[in-house]
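Throughout, protein chains are lettered first and strands after them, A, B, ... in sequence-line order, and every chain is numbered starting at 1. Below, each value reflects all heavy atoms present in this structure, side chains not excepted, and no hydrogens, waters or symmetry copies.
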Amino acid sequence: MQTTIPRTRIQGLNSLRIRNGSYVMYWMQQSQRLEYNHALEFAIHKANKLGQKLLVVFGLSAHYPEANLRHYTFMLQGLKETQSALSDRGIKMVIQRGCPSVIALILGADASLIVCDRGYLKHQKAWRNEVSLKAHCAVVQVESDVIVPVEIVSDKAEYAARTIRSKIKKNMDSSLVRFRHGRLKKDSLNLNVNSLDLTDIDLLLKDLNIDRSVPAVSPFLKGGTTSAKKSLKKFIRNGLPRYGRNRNQPQTDDTSQMSLYLHFGQISPLHIALQIKNADDQLQKEKETFLEELIVRRELSINFVHYNQAYDSFDCLPDWAKKTLAEHRADKREPIYTREQLENAKTHDDYWNASMKEMKYTGFMHGYMRMYWGKKILEWSDSPENAFRTALAINNKYFIDGRDPNSYAGVAWLFGLHDRAWNERPIFGKIRYMSASGLERKCDIHAYLEKVEKRIRFFQKNRTI
DNA sequence: ATCGGCTCGCGCAA
DNA sequence: TGCGCGAAGCCGAT
């Protein structure tokens with residue numbers, strides 16, 4: 001049990017001191033939860049030490065890059081729960097409408113100290129940079145979204161899972177520790193700061209001028225820590241015992257779905273990892289396989305977006321991949337589908353269409369099908385650059401967990417990132433290929449088609465938003 | 001059903 | 001400098 005936050009998670013973002021302001025402010029943005037939140041714990045600790053109140057602030061932008069009704073609904077469900085959970089602890093949380101960095105600076109003007117959590121995408125870094133440059137007090141960033149902080153693992157973009165694995169494992173035991181949740185001494189509920197009212201999320205969503213082109217998946221998937229923990233429990237009971245066998249079987253539902261909640265910081269990877277470690281001792285192998293995905297692969301994605309500035313474009317790919325795709329640029333593509341045809345699931349390939357529908361109507365797709373889905377976009381586009389753009393755009397539009405570091409690494413993987421060369425063939429060159437016959441050979445793809453059809457019928461019948 | 005070849009480059013051993 | 005091996009494969013030979 002750890003009582004203080006490890007130094008390796010804490011970074012001063014400017015050189016200013018703690019001022020004598022009205023409160024300590026935790027600018028919450030990435031880690032949208034109360035539990036296992038290192039940034040929040042650090043802020044509570046500092047507030048107690050200074051004898052001050054703690055104000056938690058969230059800036060809600062109506063124009064978050066690529067976000068639509070589906071994402072906002074899921075996020076606001078989680079924020080509503082977090083606000084009330086904090087309130088139960090005597091901590092005031094306000095949500096204000098506007099660009100997150102601007103909100104942080106406005107409310108931070110009265111703060112003694114601004115604590116923020118960490119995000120690795122370009123716009124998330126830019127927001128924190130702006131706040132650290134313009135704030136009048138110390139700005140401290142606390143990592144609470146990974147098991148091993150990125151800089152501790154490596155100081156460069158890693159080449160593949162195998163090169164990052166040992167570096168993560170070296171630091172894992174010292175990072176996989178519980179910590180005590182602190183208590184705020186000075187109740188801050190009476191702080192007089194305005195907040196958006198989250199009582200009626202639908203009403204608030206109508207008020208915000210957001211992109212409404214993609215419907216929410218509520219009430220089938222609900223955002224928030226309670227949902228996340230319920231899914232985790234269910235996974236440990238039902239999915240984990242079969243994880244080794246079924247993780248690549250898209251007709252089953254033996255996945256954890258943790259990526260949805262992790263994306264919005266509604267659950268901590270540390271919390272998940274500890275729960276998994278504590279599960280049945282008979283499941284050593286399954287646990288290892290799951291932790292490999294949760295920690296090594298997820299944190300490889302974060303390493304990628306942190307150190308590779310081109311993570312959202314074709315340029316991010318390793319040279320051998322760009323070279324081999326260029327050599328096959330003139331290969332005949334037949335058929336070629338437009339983005340519209342793809343989004344409408346109007347291809348000749350029923351397996352592919354089913355995966356597209358799963359994504360479009362349920363906001364989720366089984367991991368194994370995510371690979372097949374993307375590989376075919378490369379095969380059916382007029383150029384690899386356009387394929388990259390299309391795959392990423394559709395990914396981010398429909399997946400609840402789109403726009404995550406995992407999204408960028410996942411899309412780039414389709415084009416060779418973190419992978420190796422394979423037998424050369426048309427269009428793909430030496431990039432790994434996947435085929436419909438592979439699906440037939442390796443899983444029960446017809447059961448998957450049925451699963452998707454059934455789920456979509458259920459969704460359409462019961463949709464409320 | 002199972003196996004080997006395909007093919008690249010990092011990281012480590014020497 | 002050489003060598004082993006890898007984020008989830010394909011394909012043809014046996």
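Atom CH2 in A:Trp422 sits roughly 13 Å away from atom P in B:dC6 (whole-Å rounding). The interatomic distance linking A:Trp320 (CH2) with C:dG6 (P) rounds to 16 Å, in whole Å. Atom CG of A:Asp155 is separated from atom C1' of B:dG11 by 15 Å (rounded to the nearest Å). Between A:Tyr433 atom OH and B:dT7 atom P the separation is 17 Å, expressed in whole Å. When rounded to the nearest whole Å, the span between CE of A:Met371 and P of C:dA7 equals 13 Å.
Geometric assessment of A:Lys122 against the ring of A:Tyr311 yields a positive cation-pi assignment under the 6.0 Å and 45° thresholds. Under the 6.0 Å distance and 45° angle rule, A:Arg247 does not count as a cation-pi partner of A:Phe290.
Counting any heavy atom pair closer than 4.0 Å across all strands shown, A:Lys375 reaches no nucleic acid atom. If you check every strand for non-hydrogen atoms under 4.0 Å, A:Arg370 touches nothing. Among the heavy atoms of the strands lying under 4.0 Å from A:Asp419 are primed sugar atoms or P, OP1, OP2 only; no base atom is included. Residue-level contact check: A:Arg165 touches the backbone only, with heavy atoms under 4.0 Å from sugar-phosphate atoms and none from bases.
Look at A:Arg162 and you won't find any side-chain N or O under 4.0 angstrom from OP1 or OP2 of C:dG4. The phosphate of C:dC10 has OP1 or OP2 within less than 4.0 Å of a side-chain N or O from A:Ser435. Distances shown here put every side-chain N or O of A:Lys430 at or beyond 4.0 Å from the OP1 or OP2 atom of B:dG5. In this structure, A:Thr324 does not reach the B:dC8 phosphate: none of its side-chain N or O atoms is under 4.0 Å from OP1 or OP2.
Counting distance only, with no hydrogens placed and no angle test, the side-chain atoms of A:Arg432 and the base atoms of C:dC10 include no donor-acceptor pair under 3.5 Å.
Using a 4.0 Å cut-off between charged side-chain N and carboxylate O, A:Arg339 and A:Glu343 make a salt bridge.
Ring pair A:Trp127/A:Tyr64: centre-to-centre distance below 6.0 Å. Not less than 6.0 angstrom separates the ring centroid of A:Tyr448 from the ring centroid of A:His366.
Taking a pair to require two hydrogen-bonding distances under 3.5 Å in either a Watson-Crick or a G-U wobble arrangement, C:dA7 remains unpaired.
Of the candidate nucleotides B:dG11, C:dC10, C:dA7, C:dC10 has the atom nearest to the side chain of A:Met434. Relative to the side chain of A:Ala160, the nucleotides B:dG9, B:dG5, C:dA7 differ in distance, and C:dA7 lies closest.
For C:dA7 and B:dT2, the P atoms lie 23 Å apart once the distance is rounded to whole Å. Separating the P atom of B:dT7 from that of C:dT1 is a span of 24 Å, rounded to the nearest Å.
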